[in-house]
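Down below is the structure, laid out as structure tokens.
Order of the sequence lines fixes the chain letters, A, B, ..., with proteins taken first and strands second; residue numbering starts at 1 for each chain. Reckoned from all heavy atoms, side chains included, excluding hydrogens, waters and symmetry mates.
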Amino acid sequence: MSRKKIKLILLALILVGAIVAVYIYKEVNRKPVDTASTKPDFVNTALFYLEEFQQLDSVAGKKYNDKLLQVEGMVKEVSKNERGFYTVSLGDSSSMSSVRCSIDSASSNNASELIKGSVVIIKGICSGYNADELLGSDLILVRCYINK
Amino acid sequence: MNTKKLLLVVMVAFSLQSNAQRFFTKGGEIFFNATSPASPEKIEAVNKSVVCVVDSKTGAIQFSVLMKGFEFHSALMQEHFNENYVESEKFPSAVFKGQISNNEIVNYNKDGVYTVNVKGKLTIHGVTKDVESNGKLAVKDGKINASAEFNIVLKDYSISIPALVAEQVAKIASIKVACSLELLKN
């Protein structure tokens with residue numbers, strides 16, 4: 001094998017190695033989806049999503065879990081936990097069930113300004129449906145961003 | 001008062017009393033940490049949508065949490081957690097059902113801090129194991145702050161870590177629970 005060929009093979013190996021290293025670095029440091037800037041996979045009202053899960057949560061779960069949902073709904077409750085994180089519940093105030101949105105820290109200021117009974121649009125990642133007869137069943141969204 | 005009316009009053013009173021015994025939250029937190037000394041970065045996550053119900057009369061306590069609700073700082077870590085380790089599609093939630101074994105020491109009607117012992121069954125990844133832990137119940141202004149810390153051996157719940165990264169993930173994960181519960185009113 002000529003020296004030229006060996007050089008070419010070495011160069012190719014270094015190039016492949018560099019590409020793999022960059023890919024691994026990017027994957028390891030990949031951040032979760034930025035819900036503020038990402039286009040939602042689904043756009044609908046809180047009541048619509050809740051109804052779909054109430055009908056057959058396994059089917060709705062396959063459709064919505066891990067997807068970015070945009071939800072429009074009436075604010076039922078805004079709660080702040082001891083570490084300062086907000087959760088906003090959307091839905092019908094006469095029902096125990098809600099779309100519970102765990103607000104991303106970047107959107108905390110907007111959450112503190114929300115008024116009970118107002119209508120708001122929130123985007124968040126669907127993490128599933130908590131079916132509970134005693135407390136009411138909830139659709140859970142995480143890393144939520146409040147549209148101004 | 002005739003018998004029917006008396007029965008109705010007794011039923012309503014009983015119903016009010018039994019509801020007044022329950023405290024709940026839908027926004028409790030569970031912190032998960034499986035960082036090992038060889039981990040290149042922290043392997044930790046938080047779930048802020050923990051459902052918890054405590055029956056003050058019987059001491060029964062229950063937690064449930066959606067596994068996909070754990071938030072990691074790294075997307076790759078979160079994907080591995082859900083897809084390879086706890087298989088969230090197949091086993092979407094973790095549940096604890098147990099009992100405060102020294103419930104008689106807690107006065108739910110009076111402010112105070114109580115160290116309680118909780119025993120029960122924890123189901124993760126489709127596997128149910130007995131767990132026991134000490135925790136704290138702080139009663140203040142009619143609300144309860146419940147907190148506990150305990151460890152779980154991942155292998156006990158059939159959570160297997162690939163050999164390639166086995167040293168980088170702790171074999172025993174620490175779990176912290178923090179819930180602020182309020183009276184359940186129906």
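Remark: A:Arg83 CZ is packed, more than 12 non-hydrogen atoms of other residues, nucleotides or ligands lying under 6.0 Å away. At most 12 non-hydrogen atoms from other residues, nucleotides or ligands lie less than 6.0 angstrom from CG of B:Leu164. The number of heavy-atom neighbours closer than 6.0 Å to CD of B:Glu104, taken from other residues, nucleotides and ligands shown, is above 12. Environment of CD1 in A:Ile115: sparse, with no more than 12 heavy atoms of neighbouring residues, nucleotides or ligands closer than 6.0 Å.
Of the atoms belonging to A:Arg143, heavy atoms from both backbone and side chain fall under 4.5 Å from chain B. Contact of B:Gln78 with chain A is made through the side chain alone, with heavy-atom distances under 4.5 Å. If you measure heavy-atom distances from A:Asp132 to chain B, the contacts under 4.5 Å come from the side chain alone. For a residue to count as touching a neighbouring chain, one of its non-hydrogen atoms must lie under 4.5 Å from one of that chain's; by this rule B:Asn82 does not touch chain A. Looking at A:Leu135, both its backbone and its side chain come within 4.5 Å of chain B, counting heavy atoms on both sides. If you measure heavy-atom distances from A:Arg30 to chain B, the contacts under 4.5 Å come from both the backbone and the side chain.
The line from CD1 of A:Ile103 to NZ of B:Lys48 is 9.0 Å long, rounded to the nearest 0.5 Å. Expressed to the nearest 0.5 Å, how far CD of B:Glu29 lies from CD of A:Glu82 amounts to 9.0 Å.
Between the side chain of B:Lys26 and the backbone N or O of A:Asp138 there is no donor-acceptor pair closer than 3.5 Å.
By the criterion of side-chain heavy atoms lying less than 4.5 angstrom apart, applied directly or through intervening Ile, Leu, Val, Met, Phe, Trp or Tyr residues, B:Phe70 is grouped together with B:Ile161 in one hydrophobic cluster. Residues B:Val95 and B:Val65 are members of separate hydrophobic clusters, defined by side-chain heavy-atom contacts under 4.5 angstrom among Ile, Leu, Val, Met, Phe, Trp and Tyr. The cluster map of Ile, Leu, Val, Met, Phe, Trp and Tyr, joined by side-chain heavy atoms under 4.5 Å apart, puts B:Phe81 and B:Val50 in the same cluster. Both B:Leu122 and B:Ile159 belong to a single network of hydrophobic side chains, linked directly or stepwise wherever heavy atoms of I, L, V, M, F, W or Y lie under 4.5 Å apart. A continuous path of Ile, Leu, Val, Met, Phe, Trp and Tyr side chains, each step under 4.5 Å between heavy atoms, connects B:Ile30 with B:Phe150, placing both in one hydrophobic cluster.
With chain B as partner, the option from A:Ser89, A:Ser98, A:Ser102 having the largest number of non-hydrogen pairs under 4.5 angstrom is A:Ser102.
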Handout entry: side chain to side chain contact (heavy atoms under 4.5 Å, CB included) evaluation trace for A:Val28 with B:Met77
Key = CA-CA 8 Å; A:Val28 168; B:Met77 215 181 267; over 6 Å; no
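Listed in order of number, the residues of residues 45-79 of chain A that approach chain B to under 4.5 Å between heavy atoms are A:Asn65, A:Asp66. Of all residues spanning residues 167-180 of chain B, none has a heavy atom less than 4.5 Å away from chain A's heavy atoms.
Taking every heavy atom of both residues into account, A:Asn130 and B:Ser64 meet most closely at OD1-OG, 4.2 Å. What you find for B:Ser49 and A:Ile140 is that their closest heavy atoms are OG-CG2, 3.4 Å.
Put simply, the side chain of B:Leu184 reaches to within 4.5 Å of the side chain of A:Leu134, judged on heavy atoms.
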